[in-house]
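Contents: one structure, followed by commentary.
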Amino acid sequence: MKQSTLLAAVLAAFLASPPLAYAQKTAEQFIPLGQSPGLSGKQTLIGRIEAVDPLSGSVTLAEETGKPGQARITPATRIWLDRSLLQLSNVSGGMADLIPGRRAEIKFTDANRREAEWVKVELTAP
């Protein structure tokens, strides 16, 4: 009887907790560029910003592997400023923060790698 009560309590606690993917999504803003568990380098594009076209909402990165990659920035795209190298917490940013030469990481909304779900832009000393 006690075993079944314990099992029921553990199962209820497990089902009541938020999924790990949701937890990472809510904390993603605060994870430094290139360090997102299970995402960075696998499901994201990391490199230096080569070009930004505000009219079309596109950003082009020179991947660290050498090949270029492009993403479309939509109104739903979240842009974060990674200030971890400055020993400051990360903050929200905007299209104006996508400056050529800055290092960035882009996570796409789907496997077609067209629309950006989020972009992290690394800030270094001024």
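Values below: every heavy atom of this structure, side chains too, minus hydrogens, waters and symmetry copies. Residue numbers start at 1 and run along the sequence shown.
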Beyond-backbone contact of Leu45 with Phe108, side-chain heavy atoms, under 4.5 angstrom: yes
Step by step, would you call Glu117 with Thr109 a side chain to side chain donor-acceptor pair (under 3.5 Å)? CA-CA 5 Å; Glu117 180 179 330; Thr109 57; over 6 Å; no
Do any N or O atoms from the side chain of Arg72 and from the backbone of Glu115 form a donor-acceptor pair under 3.5 angstrom? no
Judged by atom type as modelled, is there a donor-acceptor pair below 3.5 Å linking the side chain of Asp82 to the main-chain atoms of Val121? no
Hey, are the side chains of Leu98 and Val119 touching, using non-hydrogen atoms and a 4.5 Å cut-off? yes
Side-chain contact test, heavy atoms from C-beta onward, threshold under 4.5 Å: evaluate it for Glu50 versus Pro100 and give yes or no. no
Residues at least two apart in sequence or cross-chain that pass side chain to side chain contact (heavy atoms under 4.5 Å, CB included) with Arg48, listed by chain then number, are Arg103
Specify the closest pair of heavy atoms between Pro54 and Val52, including all atoms of both residues, with the distance to one decimal. CD-O, 3.5 Å
Begin with the C-alpha distance, continue with both residues' side-chain angles, and end with the deciding distance and a verdict on side chain to side chain contact (heavy atoms under 4.5 Å, CB included) for Leu81 and Asn90. CA-CA 6 Å; Leu81 303 179; Asn90 297 348; over 6 Å; no
Report yes if the side chains of Ser84 and Leu33 come closer than 4.5 Å at any heavy-atom pair, otherwise no. no
May I ask you to decide if Lys107's main-chain N or O and Lys120's side chain share a donor-acceptor pair within less than 3.5 Å? no
Side chains of Ile73 and Val59, heavy atoms from C-beta outward: is any pair under 4.5 Å? yes
Regarding Glu105 and Thr44, do their side chains bring together a donor and an acceptor under 3.5 Å, going by distance alone? yes
Rounded at 0.5 Å granularity, tell me how far OG1 in Thr60 sits from CG in Asp53. 8.5 Å
Where is the tightest heavy-atom contact between Gly34 and Ile46, given as atom of each residue plus distance? CA-CD1, 3.9 Å
Donor-acceptor pair, distance only, cut-off 3.5 Å: does the side chain of Thr77 make one with the backbone of Ala116? yes
Are Leu61 and Ile99 joined in one hydrophobic group, where the rule is that I, L, V, M, F, W and Y side chains link up if heavy atoms are under 4.5 Å apart? no
Side-chain touch Glu122/Leu85, heavy atoms, less than 4.5 angstrom: yes
If you define the side chain from C-beta out and look only at heavy atoms, does anything of Ser92 sit under 4.5 Å from Arg78? no
